Novice: 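Got a structure for you, written out below as structure tokens; questions coming shortly.
Remember, it's a predicted structure, so these values are computed and weren't measured experimentally. Chain A is the first sequence line, chain B the second, and so forth, proteins listed ahead of strands; every chain is numbered from 1.
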Amino acid sequence: MAGAERALAFHLDRTLGCGQVFHWRREGDAWIGAIGNEPVRVEQRGERLTVTAGAEHVVRDYFALDHPLDEIYASFPRDDAMCAAVEFCHGLRIVRQPAWECLATFITSAMKQVAHIAQISHTLRERYGAEVAPGIFSYPSPARLAALSEADLRECKLGFRAKNLLGAARMVASGEVDLDHAAALGDDEARAELCRLPGVGEKVANCALLFGFGRLAAFPIDVWIERVLRDLYFRRKRNVTARRLREFSASYFGPYGGYAQQYLFHHARLTWSR
DNA sequence: TGGCAGGGGTTGA
DNA sequence: TCAACCCCTGCC
């Protein structure tokens, strides 16, 4: 069954290297990291994901092997940019990150490049997470971070983001913002709830919704995606407002807009010269 | 080796 | 609409 086989399509390097998650480490052909508190080692063999350490069902859920890629690709608009992105990114999957670590990581990502976001994530894990296997650390809980001082977090090279992460951790730890409750809300209500946290605006909230809450229609617009939209979809049109870009992306890319966004983003970031 | 520009965002005026 | 917030990376 070509369809069933294709639905299993999976590309580990693209999935972990596309800027949706930052703490995985390459070791030879394998990738090593933690899924929550589960230490995991995975490899690509053919089109398949192979688990060499960690619970199989945890890994398969995290890497979203049940996402219907065929159906997702078929839902995309058939324009040149989208087709090129699908060809370039085939097998890339939006993973299911634990909500808090996803949200917190994107709070620390503001105006940062991938290398630095990864460095911050590793420092926070090593200093305040739990060592779940030799050299592998979980992301610190809201309560753990809430007990720290802003100075502690600034020592992790967070800069002005320290205050935001601390404030968010305290609001989540105290129950003032309940992530489980947010997970039960509709997309717009959940986004509004997340935006109550310091350091969380529309972009960070949409990243959290897409990568941490499984809302596959969420469409984060960062500077790269804004360039893509303006260059490929609004060519020769000046004065296109941010609001217009939001409205366009929400309707044009369909129910799996988050996938479309990640494919356009990854394709552009690796192929466009600046 | 050192100096400098610029960066995946949010906030508040 | 725009400056301020911080400081690390990459490039010259």
Novice: So which of residues 197-205 of chain A are in contact with DNA chain B, with a heavy-atom cut-off of under 4.0 Å?
Specialist: A/Leu197, A/Pro198, A/Gly199, A/Val200, A/Gly201, A/Glu202, A/Lys203, A/Val204

Novice: A/Lys112 has an atom NZ; how far is it from atom C1' of C/dC5, in whole Å?
Specialist: 11 Å

Novice: Rounded to the Å, how far apart are A/Leu264 CG and B/dG8 C1'?
Specialist: 15 Å

Novice: Could you tell me the separation between the CE atom of A/Met111 and the C1' atom of C/dC7, rounded to a whole number of Å?
Specialist: 10 Å

Novice: Once you round it to whole Å, what is the distance between C1' of B/dG9 and CG of A/Leu103?
Specialist: 14 Å

Novice: When you compare the side chain of A/Thr52 with that of A/Arg45, does any pair of heavy atoms fall below 4.5 Å?
Specialist: yes

Novice: Side-chain donor-acceptor pairs under 3.5 Å in residues 124-135 of chain A, sequence neighbours left out?
Specialist:
unit_1	atom_1	unit_2	atom_2	d
A/Arg125	NE	A/Ser121	OG	3.2
A/Arg125	NH1	A/Phe137	O	2.9
A/Arg125	NH2	A/His23	ND1	3.3
A/Arg125	NH2	A/Glu101	OE2	3.1
A/Glu131	OE2	A/Gly135	N	2.8

Novice: Just how far, in rounded Å, is P of C/dC8 from CD of A/Gln113?
Specialist: 13 Å

Novice: Output yes when at least one side-chain N/O atom of A/Gln20 is less than 4.0 Å from OP1 or OP2 of B/dG8, else no.
Specialist: no

Novice: Detail all sub-3.5 Å separations between protein N/O atoms and N/O atoms belonging to nucleotides 3-5 of chain B.
Specialist:
none

Novice: Counting only heavy atoms and a strict 4.0 angstrom limit, can you tell me which residues of residues 151-174 of chain A come near DNA chain B?
Specialist: A/Phe160

Novice: Give the dot-bracket line for DNA chain C from 5' end to 3' end: parentheses for intra-strand Watson-Crick or G-U pairs under 3.5 Å, square brackets for crossings, | for inter-strand pairing, dots for unpaired.
Specialist: |||||.||||||

Novice: What side-chain donor-acceptor pairs closer than 3.5 Å can you find for residues 255-265 of chain A, not counting sequence neighbours?
Specialist:
unit_1	atom_1	unit_2	atom_2	d
A/Tyr256	OH	A/Glu71	OE2	3.0
A/Tyr259	OH	A/His67	ND1	2.7
A/Tyr259	OH	A/Ile94	N	3.0
A/Gln262	NE2	A/Cys18	O	2.9
A/Tyr263	OH	A/Tyr73	OH	2.6
A/Tyr263	OH	A/Leu92	N	3.4
A/Tyr263	OH	A/Leu92	O	2.6

Novice: Starting from the 5' end of DNA chain B, give me the residue, A/Phe106 or A/Cys195, whose nearest nucleotide shows up first.
Specialist: A/Phe106

Novice: Quick one: list whatever passes ring-ring contact (aromatic ring centres under 6.0 Å, His included) with A/His267, sequence neighbours left out.
Specialist: A/Phe88

Novice: Return a table of donor-acceptor pairs under 3.5 angstrom between the side chains of residues 204-214 of chain A and protein atoms on other chains or two or more places apart.
Specialist:
unit_1	atom_1	unit_2	atom_2	d
A/Asn206	OD1	A/Arg191	NE	2.8
A/Asn206	OD1	A/Arg191	NH2	3.1
A/Asn206	ND2	A/Glu202	O	3.2

Novice: For a 4.5 angstrom cut-off between non-hydrogen side-chain atoms, does A/Ile120 reach A/Cys156?
Specialist: no

Novice: Which word best sums up how the rings of A/Tyr233 and A/Phe248 line up, parallel for under 30°, tilted for 30 to 60°, or perpendicular for over 60°?
Specialist: tilted

Novice: Would you tabulate the side-chain donor-acceptor contacts of residues 158-167 of chain A under 3.5 Å, counting partners in other chains and residues two or more places apart, or write 'none'?
Specialist:
unit_1	atom_1	unit_2	atom_2	d
A/Arg161	NE	A/Ala110	O	2.7
A/Arg161	NH1	A/Leu158	O	2.9
A/Arg161	NH2	A/Ala110	O	3.0

Novice: Which residues, if any, of residues 215-223 of chain A bring a heavy atom under 4.0 Å of DNA chain B?
Specialist: A/Asp222, A/Val223

Novice: Measuring from the side chain of A/His116 (C-beta onward, heavy atoms only), which nucleotide among C/dC8, B/dG9, B/dG8 has the closest atom?
Specialist: C/dC8

Novice: Does A/Gln20 use its side chain to pair, donor to acceptor, with the backbone of A/Thr15 at less than 3.5 Å?
Specialist: yes

Novice: Please tabulate, for side-chain N and O atoms in residues 173-186 of chain A, each donor-acceptor pair with protein atoms closer than 3.5 Å (sequence neighbours left out).
Specialist:
unit_1	atom_1	unit_2	atom_2	d
A/Ser174	OG	A/Arg170	O	3.1
A/Ser174	OG	A/Met171	O	3.2
A/Ser174	OG	A/Glu176	N	3.3
A/Asp178	OD1	A/Asp180	N	2.9
A/Asp178	OD1	A/His181	N	3.2

Novice: In whole angstrom, what separates A/Arg230's CZ from B/dG8's C1'?
Specialist: 16 Å

Novice: Starting at atom CD1 of A/Ile120, determine the distance to atom C1' of C/dC6, rounded to an integer number of angstrom.
Specialist: 10 Å

Novice: Please examine the side chains of A/Tyr62 and A/His57, heavy atoms only from C-beta on, and report whether any two atoms are closer than 4.5 Å.
Specialist: no

Novice: Measure CZ/A/Arg227 against P/B/dG6 and give the value in whole Å, please.
Specialist: 13 Å

Novice: Would you say A/Phe10 and A/Leu69 make side-chain contact, with heavy atoms under 4.5 Å?
Specialist: no

Novice: In plain terms, say whether A/Arg41 and A/Glu43 are close enough for a salt bridge, that is, a side-chain N and a carboxylate O under 4.0 Å apart.
Specialist: yes

Novice: Flag the pair A/Thr108 / A/Lys112 as yes when at least one side-chain heavy-atom distance between them is below 4.5 Å, and no otherwise.
Specialist: no

Novice: Sequence neighbours left out, cut at 3.5 Å: what donor-acceptor pairs do the side chains of residues 29-38 of chain A make with other protein atoms?
Specialist:
unit_1	atom_1	unit_2	atom_2	d
A/Trp31	NE1	A/Asp13	OD1	2.9
A/Asn37	OD1	A/Ser138	OG	3.4
A/Glu38	OE2	A/Ala55	N	2.8

Novice: Side chain of A/Val114 only, heavy atoms from C-beta on: which candidate in B/dG9, C/dT9, B/dG8 is closest?
Specialist: B/dG8

Novice: Run the salt-bridge test on A/Asp222 and A/Arg269 with the 4.0 Å N-O cut-off and return the result as yes or no.
Specialist: no

